[in-house]
Amino acid sequence: MSILNSFRLDGRVALITGAARGLGWEMAQALAEAGAHVLLNGRTPERVQPRVEQLCASGLSAAMAPFDMADRAAMQQAVQDALAAGRIDVLINNVGERDRRSLDALTPADFERLIDVDLNAAFALAKMVLPDMLARRSGRIIMVTSIAADLAAPRSASYVAAKGGLAALVRAIAAETGARGVTCNAIAPGFFMTETNERMFNSPAGERWRERVPMRRFAEPREIAGAALFLASDAASYVNGHTLVVDGGVSATFITL
Ligand SMILES: NC(=O)c1ccc[n+]([C@@H]2O[C@H](COP(=O)([O-])OP(=O)(O)OC[C@H]3O[C@@H](n4cnc5c(N)ncnc54)[C@H](OP(=O)(O)O)[C@@H]3O)[C@@H](O)[C@H]2O)c1
C-alpha cells in the first residue's frame, strides 16, 4: 500500500466532540476529506447542523451527534444510535471547557464541574465506544489535551488538573487496549487562534503570549488537522500512548530570542 493511501479513512466512522467550531471543526473536516463518515458533536444542534450541511454540500459524508458532555444519558443515547447505524472507528474527544478564575475565586464545586466535563466525561465516552472497538479489535481513541497538561498558567487550576489527568488517562488506556487492537493517543495543542481565543490573543496580554512562541505566531486552527488525520489513520498503526504536541515549540523551550 502506498504511504499516501495509509492516510485515507474511506469506510471509517469518526465521532468528533465539540466539532461545531474551533479545532474540532478543523479535525472533522480533515477526517471527512480523507474519506471518513464524520459524526459531529456539539451542545447546540443549531450550530452543528450547518456544519453537517456544509460537509455534505461538498460531497463529503457527515451527520449530527449533538449532546452535552455533562449529560451522560444523552451521550449514551448518541453512542447507541451511532452503533445501531454502524460503528465508531475513531473517537476524537475534543471538548475542553475552560475556567479562567483565580484560586481565590474558584470553589470546589467549580473545580468538580470542570473536571467532570473535561476529564470524567472523556473517560465515560471512551468507555462507551470501547466495547465495540475491542470486539472488532480495531479502533482509535484520540484525546485533545493541551500543553497545559504539563505547563501550568495562572487562573487555570481546574483546566490544568483536568488536562493533566486526561494525558495520564491516555497512557492508562493505551496500556490496556494496545494488545487488543485499539490505540489511544493525545494531541496537545499550544496557542491556536480559535474563535474562543481571538479576543485574548488580540489583546496586549496576547502579544506576550505570541512572543513566548519560538515561531512568533499563533497557530491557525487548520494547523491541528494533520496531527488528527495522522493519529486516526493507518499511518499511525504503531503509535500508542503518545502525546503529539502541536505548539510551535512552546513546550520545548523556556526562553525565546
Ligand atoms: N484553542 C487553543 O488554543 C487550545 C489550546 C490548547 C488546548 N485546546 C483544547 O482543544 C480543544 C478544542 O479547543 P477550541 O478552542 O477549539 O474549543 P472551542 O472553540 O471552545 O470549542 C467549541 C466547541 O466545543 C463544544 N462544546 C463546548 N462544551 C461542550 C460540552 N460540554 N458538550 C459538548 N460540546 C461542547 C461547542 O459546542 P457549542 O457550540 O454548543 O458551545 C463547540 O462545538 C479543547 O479541549 C481545548 O482545551 C485548545
Side-chain angles (χ1 to χ4, degrees), residues 12-25 27-28 31-32 36-53 55 61-99 106-136 138-146 158-159 161-170 172-173 176-177 180 182 184 186-187 196 228 232:
R12 313 264 169 94
V13 180
L15 169 61
I16 303 107
T17 68
R21 56 196 153 88
L23 305 187
W25 168 234
M27 293 188 284
L31 269 54
H37 173 63
V38 291
L39 301 172
L40 304 193
N41 161 263
R43 274 176 303 201
T44 321
E46 300 75 37
R47 289 201 199 120
V48 181
Q49 180 67 31
R51 295 307 203 181
V52 168
E53 286 168 8
L55 292 176
S61 183
M64 296 218 295
F67 58 85
D68 191 319
M69 292 292 283
D71 182 348
R72 303 298 197 280
M75 177 191 279
Q76 180 76 69
Q77 188 59 55
V79 170
Q80 259 171 28
D81 292 347
L83 294 178
R87 59 186 192 282
I88 297 171
D89 298 291
V90 179
L91 165 65
I92 302 189
N93 232 321
N94 166 68
V95 165
E97 293 187 25
R98 298 165 181 79
D99 187 331
L106 196 69
T107 67
D110 299 329
F111 187 87
E112 279 169 27
R113 199 202 74 81
L114 201 88
I115 295 285
D116 182 64
V117 172
D118 287 7
L119 176 58
N120 299 349
F123 176 70
L125 186 51
K127 283 275 293 178
M128 289 176 198
V129 303
L130 263 171
D132 181 62
M133 287 181 174
L134 293 171
R136 292 185 292 107
S138 171
R140 293 292 157 90
I141 296 179
I142 300 166
M143 305 289 196
V144 178
T145 59
S146 169
S158 54
Y159 182 75
K163 293 298 191 182
L166 194 57
L169 177 63
V170 163
I173 294 175
E176 281 198 43
T177 63
R180 301 159 77 190
V182 178
C184 183
I187 298 175
T196 311

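Sequence positions, counted from 1, serve as the residue numbers for this chain.
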Indicate yes or no: at least one non-hydrogen side-chain atom of [X] is less than 4.5 angstrom from one of [Y].
X: Asp71; Y: Arg43; value: no
X: Leu91; Y: Met128; value: no
X: Ile173; Y: Met143; value: yes
X: Asn94; Y: Trp25; value: no
X: Asn120; Y: Arg72; value: yes
X: Arg180; Y: Leu130; value: no
X: Leu40; Y: Leu55; value: yes

Interatomic distance, [X] atom [atom1] to [Y] atom [atom2] [nearest 0.5 angstrom]:
X: Met27; Y: Leu31; atom1: CE; atom2: CG; result: 8.5 Å
X: Leu83; Y: Leu15; atom1: CG; atom2: CG; result: 9.5 Å
X: Met133; Y: Cys184; atom1: CE; atom2: SG; result: 9.5 Å
X: Arg87; Y: Asp132; atom1: CZ; atom2: CG; result: 8.5 Å
X: Asp81; Y: Phe67; atom1: CG; atom2: CZ; result: 10.5 Å
X: Asn93; Y: Leu119; atom1: CG; atom2: CG; result: 10.0 Å

Could you pull out the closest heavy-atom pair between [X] and [Y], with the gap in Å?
X: Ala82; Y: Leu39; value: CB-CD1, 3.7 Å
X: Ala232; Y: Arg12; value: O-NH1, 4.2 Å
X: Ala122; Y: Leu166; value: CB-CD1, 3.6 Å
X: Asn41; Y: Ala65; value: ND2-O, 3.0 Å
X: Val144; Y: Ile92; value: CG2-CG2, 4.0 Å
X: Tyr159; Y: Glu97; value: CD1-O, 3.3 Å

Under-4.0 Å salt bridge between Arg136 and Asp89:
yes
Does CD in Gln80 sit with more than 12 non-hydrogen atoms of other residues, nucleotides or ligands closer than 6.0 Å?
yes
Give a yes or no answer on whether the side chain of [X] reaches the backbone of [Y] with a donor-acceptor pair at less than 3.5 Å.
X: Asp118; Y: Ala162; value: no
X: Asp110; Y: Thr107; value: yes
X: Thr177; Y: Val182; value: yes

